[in-house]
Number of protein chains: 2
Amino acid sequence: MATADGTGSRRRPEFRKGRPTLTRERIARAALEILGESGPAEMTMRAVAARLDVSPRALYNYVADRRDLLREIVAVCQSDRPQPRLDADHWQDSLRTYCRDLRAWYRAHPGMTALARAEDLTPFTSTDLLRPDDTLVGFFLDLGLSPQDAYRAWSITVLQVSGFAEMWDAWHDRPATGADPAAWTGVPPDPGAGELPHLRRVVAETAYEPPDALFESVLAMLVAGVDAMR
Amino acid sequence: MATADGTGSRRRPEFRKGRPTLTRERIARAALEILGESGPAEMTMRAVAARLDVSPRALYNYVADRRDLLREIVAVCQSDRPQPRLDADHWQDSLRTYCRDLRAWYRAHPGMTALARAEDLTPFTSTDLLRPDDTLVGFFLDLGLSPQDAYRAWSITVLQVSGFAEMWDAWHDRPATGADPAAWTGVPPDPGAGELPHLRRVVAETAYEPPDALFESVLAMLVAGVDAMR
DNA sequence: ACCTGAACACCGTTCAAGT
DNA sequence: ACCTGAACACCGTTCAAGT
């Protein structure tokens with residue numbers, strides 16, 4: 001059996017000619033860097049190889065193909081995904097805490113949901129990856145939610161946190177050149193006069209706040225929504 | 001001013017050398033055919049050109065680039081998207097009817113959500129495209145939902161219908177070779193014994209039904225969920 | 001065992017002509 | 001006005017060698 005983290009094995013030297021040895025994980029992390037800086041379109045095999053100062057061919061000694069690299073990227077992200085510690089007796093606090101952890105995790109891997117959209121990553125959904133989700137669903141069931149409501153609450157939780165991190169945080173963490181973070185509604189690009197009145201009203205219900213404050217109010221909405229389901 | 005639908009103009013002949021003239025719409029429809037048959041990866045400019053018996057270069061007389069073709073595809077799909085007719089006095093029936101129409105629309109353009117995931121189509125979200133959504137949000141507000149609940153109800157509605165059409169219907173409308181439509185849970189691939197108990201329980205709550213019956217029970221869940229929000 | 005360099009079959013896109 | 005054919009700069013991937 002190989003060691004779990006791959007760093008303790010004595011068969012593979014950590015360095016080779018003064019440069020660190022290539023590994024699946026190092027390749028995946030280089031890809032993640034490009035992903036965060038430039039997005040999925042720039043994350044080509046050639047670009048990953050260039051960042052590692054290696055020929056594109058070298059990657060194929062560790063990774064079967066591009067799809068296999070995506071699989072490793074998912075594995076690397078999964079490895080530091082927060083495992084929820086949820087207490088049904090203090091359910092509101094523990095739900096908030098977990099959401100804050102989850103938000104930090106999404107922010108640490110910017111562009112991952114864009115990648116998931118660009119390539120189809122659902123086939124890489126493993127039991128390990130779903131374990132936090134399972135815990136969360138169990139938590140909602142403990143709260144007395146029906147299975148359907150538990151499913152919905154789980155979906156809404158993950159959707160709201162990931163959406164917030166990938167849209168709002170990504171925008172604020174590295175704003176586009178010449179763009180104003182203070183003016184952004186989310187769904188509708190500025191429509192004509194009198195158009196989309198209801199969507200506008202719903203969106204207008206939220207004024208601008210700094211990211212952390214806005215996130216807390218999203219959490220408040222989420223907790224209230226879950227509470228209403230009980 | 002040009003005519004709106006492009007077919008009534010007398011400046012462009014409908015045929016040329018016995019073959020129908022190329023138009024943005026014809027190109028987009030050819031792309032949609034490939035999309036439904038083979039998926040986003042096969043929908044290349046060269047493949048679209050080949051289907052129209054034309055050189056790849058010819059497309060660029062009508063479409064600025066691939067991204068512009070995607071824009072036209074969105075426009076073509078939008079043009080026959082059902083506009084909801086919703087009556088707050090018979091809200092359950094009208095919600096069901098609209099959802100059935102929406103399901104049919106998604107089925108008529110298979111692979112569109114896969115395309116939306118593969119390429120980022122959100123920049124093409126226009127006021128026209130959002131008008132049905134605005135109507136639906138207004139409908140939920142009329143029902144007495146808070147803006148937040150209206151937003152959630154709208155999201156859940158679109159998500160459930162599109163998810164059903166793109167996953168369940170797409171599977172049944174053209175099943176993969178050698179696959180059994182009767183055995184498919186959705187989220188978790190068969191996990192190990194004792195793994196993911198809560199997710200399994202939640203998923204196991206739904207037994208196999210023919211698509212239409214299952215869709216009706218999804219609608220029942222949706223209506224009940226909206227009712228609980230009032 | 002693991003690397004490089006050259007090559008192959010693709011892709012989106014453009015140039016220079018044809019009619 | 002609108003087409004074709006050839007070409008360019010890319011891409012993922014593989015082959016045949018190097019050390």
Side-chain angles (χ1 to χ4, degrees), chain A residues 2 6 9-28 30-31 34-35 38-73 114-115 118-121 123-124, chain B residues 2 6 9-28 30-31 34-35 38-73 114-115 118-121 123-124:
Chain A
S9 164
R10 58 164 156 55
R11 205 170 299 268
R12 270 179 171 285
E14 277 221 44
F15 291 83
R16 191 182 171 90
K17 297 203 193 171
R19 299 298 307 153
T21 314
L22 238 39
T23 59
R24 282 177 68 86
E25 183 180 339
R26 245 170 61 76
I27 294 172
I34 297 175
L35 201 62
S38 319
E42 317 300 319
M43 201 207 78
T44 68
M45 300 297 278
R46 291 169 134 96
V48 173
R51 175 168 288 251
L52 292 167
D53 267 322
V54 108
S55 84
R57 174 62 182 87
L59 304 183
Y60 289 87
N61 293 322
Y62 302 87
V63 144
D65 49 24
R66 176 184 169 80
R67 197 116 188 99
D68 190 35
L69 170 55
L70 297 181
R71 187 189 311 275
E72 181 65 20
I73 288 176
L115 183 70
E119 330 262 346
D120 185 14
L121 263 38
F124 303 148
Chain B
S9 167
R10 59 164 154 55
R11 205 170 299 267
R12 269 180 172 286
E14 276 221 43
F15 291 82
R16 191 183 171 88
K17 296 203 195 174
R19 301 298 304 155
T21 314
L22 238 40
T23 59
R24 282 177 68 88
E25 182 179 341
R26 246 170 62 75
I27 293 171
I34 297 175
L35 201 61
S38 318
E42 317 300 318
M43 200 206 79
T44 68
M45 299 298 278
R46 290 169 135 97
V48 173
R51 173 167 291 250
L52 293 166
D53 268 322
V54 106
S55 85
R57 174 61 182 88
L59 303 183
Y60 289 87
N61 293 321
Y62 301 87
V63 144
D65 50 24
R66 177 185 169 80
R67 197 113 189 101
D68 191 35
L69 170 55
L70 298 181
R71 188 190 310 275
E72 181 65 20
I73 289 176
L115 183 69
E119 329 261 348
D120 185 14
L121 263 39
F124 304 149

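Convention: sequence-line order gives letters A, B, ...; per-chain numbering from 1.
- A distance-only check finds a donor-acceptor pair linking the side chain of B:Arg26 to the backbone of B:Thr21 [under 3.5 Å].
- Here D:dA6 sits opposite C:dT14 as a Watson-Crick or G-U wobble pair (both hydrogen-bonding atom distances under 3.5 Å).
- Protein atom OH of B:Tyr62 is 5 Å distant from nucleotide atom P of D:dC2, rounded to whole Å.
- If you check C:dA1 for Watson-Crick or wobble pairing at under 3.5 angstrom, you find it paired to D:dT19.
- The line from CG of A:Asp65 to CE of A:Met45 is 7.0 Å long, rounded to the nearest 0.5 Å.
- For a distance-only test at 3.5 Å, the side chain of A:Arg46 qualifies as a donor-acceptor partner of the base of D:dG12.
- If you measure from atom OH of A:Tyr60 to atom P of D:dA17, you get 21 Å, rounded to the nearest angstrom.
- At a threshold of 4.0 angstrom between heavy atoms, the contacts of A:Ser55 include nucleobase atoms, whether or not backbone atoms are also involved.
- Whole-Å rounding puts the B:Arg66 CZ to C:dG12 P distance at 6 Å.
- Rounded to whole angstrom, the span from the CG atom of A:Asp53 across to the P atom of C:dG5 amounts to 12 Å.
- Rounded to whole Å, the distance from CG on B:Leu69 to C1' on C:dC11 is 15 Å.
- The two residues A:Ala28 and A:Glu72 make their nearest non-hydrogen contact at CB-CG, 3.6 Å.
- Residue-level contact check: A:Arg57 touches the bases, meaning some heavy atom is under 4.0 Å from a base atom.
- Where A:Glu42 and A:Ala64 meet DNA chain D, the nucleotide closest to each residue was compared, and A:Glu42 sits on the side nearer the 5' end.
- In this structure, the nucleotide among D:dC2, D:dT13, C:dT4 sitting nearest to the side chain of A:Ala58 is C:dT4.
- Side-chain contact between B:Pro123 and B:Arg67 is present, with heavy atoms from C-beta onward closer than 4.5 Å.
- With hydrogens and angles ignored, the 3.5 Å screen pairs no side-chain donor or acceptor of B:Arg46 with any backbone N or O of B:Pro56.
- Straight-line distance from the CG atom of B:Leu22 to the P atom of D:dA1: 17 Å, rounded to whole Å.
- Residue A:Leu52 contributes atom CG, which lies 16 Å from atom P of C:dC2 at whole-angstrom precision.
- Straight-line distance from the CG atom of A:Asn61 to the P atom of D:dT14: 12 Å, rounded to whole Å.
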